[in-house]
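Residue numbers begin at 1 in each chain, while the letters A, B, ... track the order of the sequences. None of the values given here were measured: they were computed from a predicted structure.
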2 protein chains.
Amino acid sequence: MHPLFSQQVPYAELIQSSVPADFLLLDRDTPGGPMTSAEHSPLTRKLSAFVALSEVELAVLERLHQRRRSFAAGRDMVHQGQSAQAAYILSSGWVCSYKLQADGTRQIVDFQVAGDFLGLRSVLLRTSDHSFEPVVDIEAAEVLKSDLLDAFSRTPRLATAILWAASRDEAMVVEHLVGIGRRDADARMAHFLLELGSRLALVGIGSKEGYDCPLTQYHLADALGLSAIHVNRVLRQLREGGMVTFREGHVTFHDYGRLVEIAEFDPAYLDQTGPLLK
Amino acid sequence: MHPLFSQQVPYAELIQSSVPADFLLLDRDTPGGPMTSAEHSPLTRKLSAFVALSEVELAVLERLHQRRRSFAAGRDMVHQGQSAQAAYILSSGWVCSYKLQADGTRQIVDFQVAGDFLGLRSVLLRTSDHSFEPVVDIEAAEVLKSDLLDAFSRTPRLATAILWAASRDEAMVVEHLVGIGRRDADARMAHFLLELGSRLALVGIGSKEGYDCPLTQYHLADALGLSAIHVNRVLRQLREGGMVTFREGHVTFHDYGRLVEIAEFDPAYLDQTGPLLK
DNA sequence: CGTTAGTTTGATGGTCCTCAAGCACTGTGG
DNA sequence: CCACAGTGCTTGAGGACCATCAAACTAACG
């Protein structure tokens, strides 16, 4: 049997695993009191912006962070073609997922930052074909397929939240495609920097003022479909235009409004002002 | 990613929506007896290439095709921003999904052909923000969220197959992104035509010889991130190079091998020689 | 028979790539 | 301490690729 299908995802079980509502009020597994807000992981923080999570859901979510792992910058975590054994929840650092072409050029498809899942699809469906490279040294929690399915069947609402976040990531890939296809270099860069800012703000490490960003101009080039040299010129233009500065690992917005304008940035698909699920 | 896990509808409600199994044997809307193999829908045909489906699974699958709908070419089925009420399984014709930008340009994200799902994510997760436009008059089956969830809970293997197909579509979007970012116009066009060929072959309306294709050069332009004029020139080059002809709604491959070469086309991620699930 | 949609070709120019080179900074080893 | 290499940023010059403008052509259609 093909590896892709070697393990079935028990959808029916998942769906039928609904439990009485009051069960949700019991917390059987976690010892100790409820968590304080400060202890929450970035993922928890991100999901809390969309869904008001219960105590149990919070506990299950935090328990997914058990198996901590570190990866060194620059060494691929997963290589193109290799089938993934586990997914990861990134707790700190930056990762890029990319595809390599025969002629040596690469296209970065997406970046992952704190609170993002990595390899979710590949672990659930065994279909993934890009590489993951940590941009800096990272900390991540390894999540086995069984952990995930277990968590999903315990707390379906949490499942919804996680899948919703994953779906949002895909919307960003589409937006990325549109950007590369139909925006010029300036707008593309502006859009990219704004989107990153929004994502980081969700996990509390960015704002409309700016954020720390360890990416090199080569990363930007590979992500935006430009040459590194042109990236440099574009950044200069944006800087001299008084809109945004990207220097020494830090992005500073000087004129957020105008940047939004030239990027035609629509934050609606990322921004949510409050929990959507009650 | 997997829309399917997610129900915004409470799980309890979902379960209550289940109907007795023998209901499946009744055909309220479509007249006529049970299906013979030759009558199988394109979707069935496509999935059968990946998974050997049981009688019951086939029946459930065909059952999803109850509510037949027609849509006229050129009139959006779903408009950007509007939340979808239903998903569709395309049984004949072509559809494109695209995003419009403020400056009027559009980027086609993907095409759907016979056997493809349309709006799967948007109906399950309520997150979709592109428009769907039939390229020609089409026939489709409307699939309500409840139908889908019901089918999934009955036949989990079928659910896996459908999600796998959806995941494959997403892989194509990623490949599309790579193409726009890192391939020149010739390679982009070659890759696009080859990919379409592979997809159509799966549902039996295309081969390595060629296929019918109702797309205009404007469609190609919007999909590939080029101007229509340049599309025309690229097509001429490929034609004069003796590789492929695209004329009067028909694509004819003259030198498949060389086309694969200049496109750096890797059919592995689409091609499957036989059923994977036994 | 004019209109519209789609295709084709030419001319011109802008965006962005490539090649080339210099600079700043860091770490390494003699 | 200094030579050296490596990484990343910066700037210039020339040219390829592709967009834009303009216009002719075909086919379909009322």
Side-chain angles (χ1 to χ4, degrees), chain A residues 72-75 94 96 101 103-108 133-137 179-190 192 212-241 244-251 262, chain B residues 72-75 94 96 101 103-108 133-137 179-190 192 212-241 244-251 262:
Chain A
R75 317 255 307 238
W94 294 52
C96 68
Q101 289 199 273
D103 64 2
T105 60
R106 80 168 177 179
Q107 176 65 49
I108 292 178
E133 181 195 288
V135 171
V136 294
D137 292 350
I180 293 182
R182 289 296 181 207
R183 277 193 271 263
D184 65 18
D186 290 11
R188 229 180 285 177
M189 178 67 75
F192 178 79
D212 289 325
C213 173
L215 304 178
T216 67
Q217 295 185 352
Y218 291 94
H219 285 119
L220 297 181
D222 285 342
L224 301 178
L226 299 171
S227 70
I229 291 164
H230 200 61
V231 163
N232 184 280
R233 294 190 222 276
V234 168
L235 285 176
R236 174 157 52 130
Q237 265 187 249
L238 293 178
R239 190 187 332 122
E240 289 174 354
V244 63
T245 301
F246 185 169
R247 233 170 204 170
E248 290 161 15
H250 196 82
V251 173
I262 73 160
Chain B
R75 317 257 306 238
W94 294 53
C96 68
Q101 289 200 275
D103 63 4
T105 60
R106 80 167 177 179
Q107 175 66 48
I108 292 179
E133 181 195 288
V135 172
V136 293
D137 292 351
I180 292 181
R182 288 296 181 209
R183 279 194 269 263
D184 65 18
D186 291 11
R188 228 180 285 177
M189 178 66 76
F192 178 78
D212 288 325
C213 173
L215 303 178
T216 68
Q217 296 184 354
Y218 290 94
H219 285 120
L220 297 180
D222 285 343
L224 301 177
L226 299 170
S227 69
I229 291 162
H230 200 61
V231 162
N232 185 280
R233 293 191 221 277
V234 168
L235 285 176
R236 172 157 53 128
Q237 266 186 247
L238 294 178
R239 190 186 335 122
E240 290 174 353
V244 63
T245 301
F246 185 169
R247 235 169 201 173
E248 289 162 15
H250 195 83
V251 174
I262 74 161

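Between the P atom of C/dC17 and the CZ atom of B/R183 lies a distance of 17 Å, rounded to the nearest Å. One interatomic measurement links the two molecules: CD of B/E240 to C1' of C/dT7, which rounds to 14 Å at whole-angstrom precision. Atom-to-atom, NE2 of A/H230 to P of D/dG12 comes out at 15 Å; the value is rounded to the nearest Å. Rounded to whole Å, the distance from CG on B/D222 to P on D/dC18 is 17 Å. Nucleotide C/dC16 holds its P atom 14 Å from the CD1 atom of A/I229, rounded to whole Å. As rounded to whole Å, 8 Å separates atom P of C/dT7 from atom CG of B/L220. Summarising the geometry, the separation between CG on A/D184 and C1' on C/dG14 is reported as 11 Å, rounded to the nearest angstrom. In this structure, A/Q237 atom CD and D/dT11 atom P are separated by 12 Å, rounded to whole Å.
At the heavy-atom level, B/S227 lies under 4.0 Å from base atoms of the strands shown. B/G74 comes within contact range of no nucleotide atom at all, as no heavy-atom separation falls under 4.0 Å. Here A/G249 lies out of heavy-atom contact (under 4.0 Å) with every strand.
In this structure, of D/dC18, C/dC16, D/dG12, it is C/dC16 that holds the atom nearest to the side chain of A/L226. The side chain of B/N232 sits closest to C/dT9 out of C/dC16, C/dT9, D/dT11. Between C/dG10, C/dT7, D/dT11, one nucleotide has an atom nearer to the side chain of B/Y218 than all others, and that is C/dT7.
B/Q217 has a side-chain polar atom (N or O) that falls below the 4.0 Å cut-off from OP1 or OP2 of C/dT8. A/R236 has a side-chain polar atom (N or O) that falls below the 4.0 Å cut-off from OP1 or OP2 of D/dT11. For the pair B/R247 and C/dT8, the criterion of a side-chain N or O lying under 4.0 Å from OP1 or OP2 is met.
DNA chain C is contacted by both A/G225 and B/T216; B/T216 maps to the nucleotide lying nearer its 5′ end (nearest heavy atom per residue). Judged by closest nucleotide on DNA chain D, A/R239 is the one of A/R233 and A/R239 placed further toward the 5' end.
Note that CG of B/L220 and CG of B/N232 are 10.5 Å apart. Values are rounded to the nearest 0.5 Å.
For A/R182 (side chain) and B/R106 (main-chain N/O), a donor-acceptor pair under 3.5 Å exists by modelled atom type. With B/D222 contributing its side chain and B/Q107 its backbone, the two residues share no donor-acceptor pair below 3.5 Å. With B/D212 contributing its side chain and B/H250 its backbone, the two residues share no donor-acceptor pair below 3.5 Å.
Under the rule for a side chain to side chain donor-acceptor pair (under 3.5 Å), B/H230 has no partner lying at least two apart in sequence or in another chain.
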